[in-house]
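Please read the structure below before turning to the comments.
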Amino acid sequence: MSNTKYRGIFTVYNTLTRQKERFEPLHSGHVGMYVCGPTVYGDPHLGHARPAITFDVLFRYLTHLGYKVRYVRNITDVGHLENDADEGEDKIAKKARLEELEPMEIAQYYTDRYHTFMDRLNVKRPSIEPRASGHIIEQLQVVEEILAKGYAYESHGSVYFDVPKYNRDYQYGKLSGRVLDDLMSSTRDLDGQEEKRSSFDFALWKNASPEHIMRWPSRFGDGFPGWHLECTAMSSKYLGTQFDIHGGGMDLMFPHHECEIAQGTIAKGHEPARYWMHNNMITINGQKMGKSLGNFITLEEFFTGSHRLLASAYSPMTIRFFILQAHYRSTVDFSNEALQAAEKGLQRLMDARATLDKLKTGAHTNYDIDAFEKSCYDALSDDLNTPLVIAALFDATKAINTIAAGQASMTADDLVRLKGLFERFMGDVLGLSTEVASTGGDEKLGEVMQLMLHLRSEAKAAKNFALSDQIRDELSKLGFVIKDGKDGATWELK
RNA sequence: GGUCGGUUGGCCGAGUGGUUAGGCAACGGUCUGCAAAACCGUGUACGGCGGUUCGAAUCCGCCAUCGACCUCCA
């Protein structure tokens, strides 16, 4: 189901202009969207979850609004320069040598891992997921285009983008608010940059040293593409030289996206994206997550609870919900306390969704369904304000529970609408799916549970509370939660 | 050092020039054999100091503080 009625009011914060703007696609009814994907040299971690979920919701919402969306998210598998204390070394190549595997084997393994964990977070796969290694030819074409326009130069088998020249004719740094002259005067010189005319020039093509095992032939010699180039080559190939939305983490704003703008402007004649959207970072106990800080938590560790900072395991949906409870442009801090609160809140929402199916209808409705619908659309259309949508869902939850408690009522028609809205916003757009088939699922299990509840209620009727409590407690040990209500007990499997 | 962004009640986290965010936790009550769940009620928060205004937590200035980026990073 889609709703084109709300298309016109969708606003997004555009990093380029530093303000919210009404979203209007380049081609009516169609949206092209590019998001920087993972570098597949390590296990997916919390940092991967934030942009994936943020732009997943954007993808879902635009689709819901009735746009035909082409969502492109790349896989970086050619390795990028690693700037450790010593010489630059290709990340993937380094890992490969350590584990004595073919580089592509590493890339494939971590790509699969990425997919597995994103699937568990209920992140939809993009429309196209291009690999950098599969687009070497396209990247070399971009190099040629930039060389032909005179904004790049060859040096020792590498090709560099001429940033000072670009800055004279255009404006380098407009996205991140940097001024090249300021940067020049305040940045230290790095070693090994004598090949470059300016320290701010960046590689379009990098010469591969003999020990560098990820390499491709080119007219400049064997080498590999520079670390900003794939996005320019692949976005223009699949979305056109200008497209609607470019997304990614805030940390990519400079220099990565700045370089993309420069490359696109020269090679393709104009800036690549009209709206730039950046998600903020995550912190752990108020501290930036980083390998050196010892608070680097992979998604697998989260799902299994196998990290010393975690008091317990947290389900994929808890993490998704937790991330969506904060606005994407705010930092979000992970702590056990906050995660446990999110876990309970999500449970309340899930319970309400299940209750919706058991609700008895009445002659009139005490609630304003239209207002609920409107607040959901208003929230999402205001730069994807997922916390407000969730607040609206909690308001609806209260209504559902009040009706279930027999203190308010709802007509059959309104109930159908409310169910539809719940599914639409909680399920389709926010992507909060039910993790465990609770009361549904196994038919035989349901029958057995009905039998257990029946025996318990007979014990209660006979005032044999020892037995009824024993049934409840034993079931509880097995993970079944028994809830006594006005019309008898219900159960859930946690 | 430069650029940018935060600082909201016990915790998380929206928002806004004057009217309830929401969740979690806490407390009181209803229901219950008990408990859980659910429902009802309670908290009057916006870093500090000035300024603008009839009125600011919301706008402006200064200060404090935290963080991000500037170097691989989502």
For B:G6 versus B:C39, give the span between their P atoms, rounded off to a whole number of Å.
-> 35 Å
Round to the nearest Å and state the distance from A:L339 atom CG to B:G13 atom P.
-> 11 Å
Looking only at atom P, what distance separates B:U53 and B:U58, rounded to whole Å?
-> 16 Å
Can you tell me if the side-chain N/O atoms of A:K398 get under 4.0 Å from OP1 or OP2 in B:G22?
-> no
Return the nucleotide paired to B:C46: Watson-Crick means purine N1 to pyrimidine N3 with N6-O4 or O6-N4, wobble means G-U with N1-O2 and O6-N3, both under 3.5 Å.
-> none
Report the distance from atom CZ of A:F334 to atom P of B:A74, rounded to the nearest whole Å.
-> 16 Å
Could you let me know what B:G5 is paired to, Watson-Crick or G-U wobble, both distances under 3.5 Å, or none if it's on its own?
-> B:C66
Spacing of the P atoms in B:C59 and B:G5 (rounded, Å) | 13 Å
Among the candidates B:A74, B:C24, B:G22, find the nucleotide nearest to the side-chain atoms of A:D251.
-> B:A74
Measure from the side-chain heavy atoms of A:Q325 and tell me the nearest of B:G22, B:C4, B:A14.
-> B:G22
Integer angstrom distance from the P of B:G28 to that of B:A36 | 12 Å
Whole-Å distance between B:C12 P and A:F322 CZ?
-> 9 Å
Return no unless some side-chain N or O of A:S330 is found under 4.0 Å from OP1 or OP2 of B:A14.
-> yes
Hey, does the side chain of A:R348 come within less than 4.0 Å of B:A38's phosphate (OP1/OP2), counting only N and O?
-> yes
In whole angstrom, give me the gap between the P atoms of B:G50 and B:C11.
-> 26 Å
Does A:N401 place a side-chain N or O at less than 4.0 Å from the phosphate oxygens OP1/OP2 of B:A37?
-> no
OP1 or OP2 of B:C4 sitting under 4.0 Å from any side-chain N/O of A:S176?
-> no
Taking the six-membered ring where the residue is Trp, are the ring centres of A:F302 and A:F334 under 6.0 Å apart?
-> yes
Would you mind telling me which of B:G13, B:C39, B:G33 lies closest to the side-chain atoms of A:F465?
-> B:G33
Run the ring-centre check on A:Y275 versus A:H246 and record whether the distance is less than 6.0 Å.
-> no
Considering only the P atoms, how many Å lie between B:C73 and B:A64, rounded to the nearest integer?
-> 34 Å
Taking atom P in both B:G22 and B:G41, compute the distance separating them and give it to the nearest angstrom.
-> 11 Å
When the aromatic ring centroids of A:Y71 and A:F55 are compared, is their separation below 6.0 Å?
-> no
Among B:C24, B:G33, B:C73, the one nearest any side-chain atom of A:K344 is B:C24
Quick note, A:H48 side chain, CB onward, closest among B:A74, B:A14, B:G33 is B:A74
In whole angstroms, the gap separating P of B:A35 from CZ of A:F480 amounts to 25 Å
Applying a 3.5 Å limit to both distances, which nucleotide forms a Watson-Crick or G-U wobble pair with B:C59?
-> B:G51
Return the value, rounded to whole Å, for the distance between atom CD1 of A:I390 and atom C1' of B:G13.
-> 10 Å
Under 3.5 Å, is there an N or O donor on one side and an acceptor on the other linking the side chain of A:R472 and the base of B:A36?
-> no
Separation between the P atoms of B:C66 and B:U8, rounded to whole Å | 14 Å
Measure distances between side-chain N and O atoms of A:D395 and base N and O atoms of B:G22, and say whether any donor-acceptor pair falls under 3.5 Å.
-> no
How many Å lie between CE on A:M281 and C1' on B:C66, as a whole number?
-> 16 Å
Minimum-distance nucleotide to A:D484 side chain [options: B:A35, B:C69, B:G23] | B:A35
Re B:C24: Watson-Crick or G-U wobble partner, both distances kept under 3.5 Å, found to be B:G10
Partner of B:A38 under the Watson-Crick or G-U wobble criteria, both distances under 3.5 Å, comes out as B:U30
Atom CD of A:Q470 to atom P of B:C34: distance rounded to whole Å?
-> 20 Å
